[in-house]
Amino acid sequence: MTRPAWRLQAVSALAIWYALLAGFAWMAPYSWREQHREFASAPPTAIRFVDPTGVWRMPFVCSLAPAPDSPGSYREDCAVRHDVWLFGRAQDGRMVVLCPEQPGVLFLFGTDELGRDIFSRSLAGGLVTFATGVVATLVALFLAFLGGSLAGLLGGWPDLLISRGTELLMALPALYLLLALRAALPIQTPPLLAFALAVALISLLGWARPARLLRGVVMSSRGEGYVLAARGFGAGPVYLLRKHIFPRLRGVLGAQAAVLLPQFMLVEVALSFLGLGVAEPLPSWGTMLSSIQYDLVADRRSWLGFPAILLTASILISGRVARAMELRSQPAGGAPRETTP
Amino acid sequence: MSEAILVAQGLERRYRRACALDGVSVSISAGESLAIVGESGCGKSTLLRCLAGLERADAGSVHFGGAEVSPLRGEDRKRFCRSVQLVLQDATRALNPWWSGLTLVREPLDLLRRDLSMPERETVARCWMDRVGLPASVVERLPGELSGGQRQRLLLARAMTLSPSVLLLDEPLAGLDPPIQAAILELLKGLRSERPLATVLVTHSLGAAAQGAERIVVMRSGRLVEQQTMTAFLAGPQDPYSREILAGWQARQANFVKSPPIKSSGSAH
Amino acid sequence: MPATQTSERVPGWVSVVLSRSLQAAVTLGLLSFCSFALFEWIPGDFLTETAASPAVSPETLAGLRDRYGLDTPLGIRYASWLEGLTRGQLGPSLSYHRDAMGLLLPRLGATVLLNLTALLVALVVALPLAIFAAQNPESRFAGWVGRGMQASLALPELVLVLALFAVAQAYGVPMPGGAAAPADESWLGGLYSLLTGLATPAIALAAGTAPSYFGHMRAAWSEALAESYVIAARQAGLPPKVVRWRYLFPAAANPMVSLLGGSLGGILSASLLVETVTGWPGLGPLLLEAVFSRDVYVVVGAVMFAASAQMAGNLAADLVILRMDPRIRS
């Protein structure tokens, strides 16, 4: 496959993935905060096609009820069937991806200990994680752009200050630094503030590497022959920045965005997993996975691990995009090569 | 000989340790062709950049048409840029690899000929690309897709769009095959015959200098050691170093006596 | 011959150690001061929650504040912390009521042990595979290994740990902090419980890093194979063993060692997650706990230790490169 085609494919795969995530989150069977206390820790509901008599039917779920003898376990009664509709209308009139006939329930990924549908929460949580990653990437790249181009253009002490600062940041283990910074801030915060804090911390620590990269590009393009040539045509600094230097940064910024997004999403997941990021009841893949630690094996509630699958898929797709974009920091016709006519 | 238009007096330029220019004075008259010869690192390129106003000398001055160059600002500076054009060394690096041929050639017009409309600028650029012998397809190509000779022609076309009166050329033949070198030299000669244009050709090859210039300046570690007309120089240089390089060149010529000296074909490549 | 410069009197590694130590000292100094300033600037401290409790009298509170020096100005507090540092103290842990140094040192040891073990495991697995894959690019096995490594490169460390943790639990592999430790306290029993406890976190950590080592080593080895002096050596008929160890290995090891040095920060961060999930008594869980209880000195100490560990690792990598690569010895 040609390089641009591969890039296009990778980027559109990512776009489709998150569009699906967003679309399904919008049409999720339940709200992310809706609790079904009577169905706490229910396993994933099976969608069936064959009824107990062995007859094939339209997809249906069996009626689910708590087992009277042992709390926490559930019994399916397939004598009572509820049809499942793709893109059906729920009771409140919302369009829903998979809609069980009332009063049936359909927990595709099971429920957590509060009886919240993990499928719906995974989708919403994915959006929270994705949003954190995107906003943090944008902020970090903005900081990197400012810092890198200032250092690269001005040289002298601003360059020294920024270079040493980024070196310092990169000489330290990121997660430790992140936790230390987090320690200085209030632990209990409203969800929105927690989100903002996570974004701020991640981008504050993450801008160093792209900034160094951009500084290098600015510096090298400042010394390029074509910049000197343009000065020979009487070009001023504004023209040089606009026409010759910043366009080169665009490609680098794009590639860096693709590299940083999955990294930052993972940092958000780690932070939330450790209990320092997005807070309950707002879901994030990190907070959802943190409950797994104690429940996964002890209770055999393996369905709590579903967010991990979505997370892995997201990172996988993002990784592909990152690789595709990194190939891009070259002009379309290939770098100028030494050829004889 | 007509009056000098670009005059450098007592130029000195020091980099961290090395002394690139050590009291260089040189003057370029209208319409003449001058070659600056010397080994790598003798200060040729620095001298050229100082003449083009791209680098400021630590001491000494450059005058253009009677006015000192370094304090020029605004419209005066633009007028100077229009008149004195530098064709940089290493065509690969002197062309923005993301730009197409036409945009590259149009760049000086975009900067210095705002009085022309965009279609007019494009017409001028296309005319010059045609004049230096570039095929029409180059208009859309990126520098990376061109041959070395084509890139050099692109640089020439770009400098000529402004119709300068002085063209400074920094090693325009480096890295090119001999037939292409000859063609470029021939092209320069042709350009000079059409209009009043002074060319300053910096090269480390005496052969190219002998072909492309009427007057020669020999430089060694930041100093001028010889200034002569080409015929006088070939007949017998004054300076021992000049004699040395001339003897070296002649010895090589003799060795390759079978292969004819660089002969211009004039054909476009 | 021009006289060799000062290198005759000062060997290269001494100057590297000296300049790096100086850099590290500056970095740590800045880091500690910034931490102090940060905690000073942010409202609230360790006793904020204690103060909220009605059972605590203002007198007790004032006593506590005085004892921990919470009200002294920043400069003085930092100076006395530095002074304590010269005596090997990192300031009092507010929740453990003892000096943070004594608290952190064993934790640092555990983290270093875990990281080194994981590094060793990753290298032992990745390097031979990488060399094999580079030597036999056509082999089907090498192709599958490469694809597998590529795929697992995208696997988030957290997911990896959780999965391994679940598997280990399911098969009854003892966890570091678990109650499954054997009753006998002989050194052999202690070693056994240490090793079994180390297994899960070390493998989880190694599994996260091995794919990237594999990829880089394979690339470096292939590149070395294409070097003209290697081809010349093979052409000259040198035995493959000699070519491998005298020519290829040094050429490929250099980028590998720099990668190791550069990846330390990432490994330490991953280690924090692994430690927290598996309960390995390293710096990570202690730091996390200190973050929640706002135990300032422990937080600062843990970050300083982690930073020192990373910088020491970087220095070690540089020294190894200096020793191996004649090109940069001057």
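Letters A, B, ... are given to chains in the order of the sequence lines, protein chains preceding strands, and every chain is numbered from 1.
With chain A as partner, the option from B:Gln85, B:Arg82, B:Arg77, B:Lys78 having the largest number of non-hydrogen pairs under 4.5 angstrom is B:Gln85. When each of B:Leu112, B:Asn96, B:Leu104 is scored by its heavy-atom pairs under 4.5 Å with chain A, the top score falls to B:Asn96. Contacts with chain A were tallied for B:Ala159, B:Cys81, B:Pro108; B:Pro108 has the most, counting heavy-atom pairs under 4.5 Å.
Proximity to chain A (any heavy atom under 4.5 Å) is restricted, for B:Arg49, to the side chain, taken from C-beta onward. Residue B:Gln89: no heavy atom, backbone or side chain, is found under 4.5 Å from chain A. For B:Leu88, the part lying under 4.5 angstrom from a heavy atom of chain A is the side chain only.
Residues B:Val84 and B:Ala52 share a closest heavy-atom pair of CG1-CA, 4.3 Å.
Two rings, from B:Trp98 and A:His244, have their centers 6.0 Å or more apart. Aromatic pair A:Phe246/A:Phe145: centroids less than 6.0 angstrom apart.
For the pair B:Arg114 (side chain) and B:Asp110 (backbone), a donor-acceptor distance under 3.5 Å is present.
Here the side chains of A:Arg212 and A:Met170 are in contact, with some heavy-atom distance below 4.5 Å.
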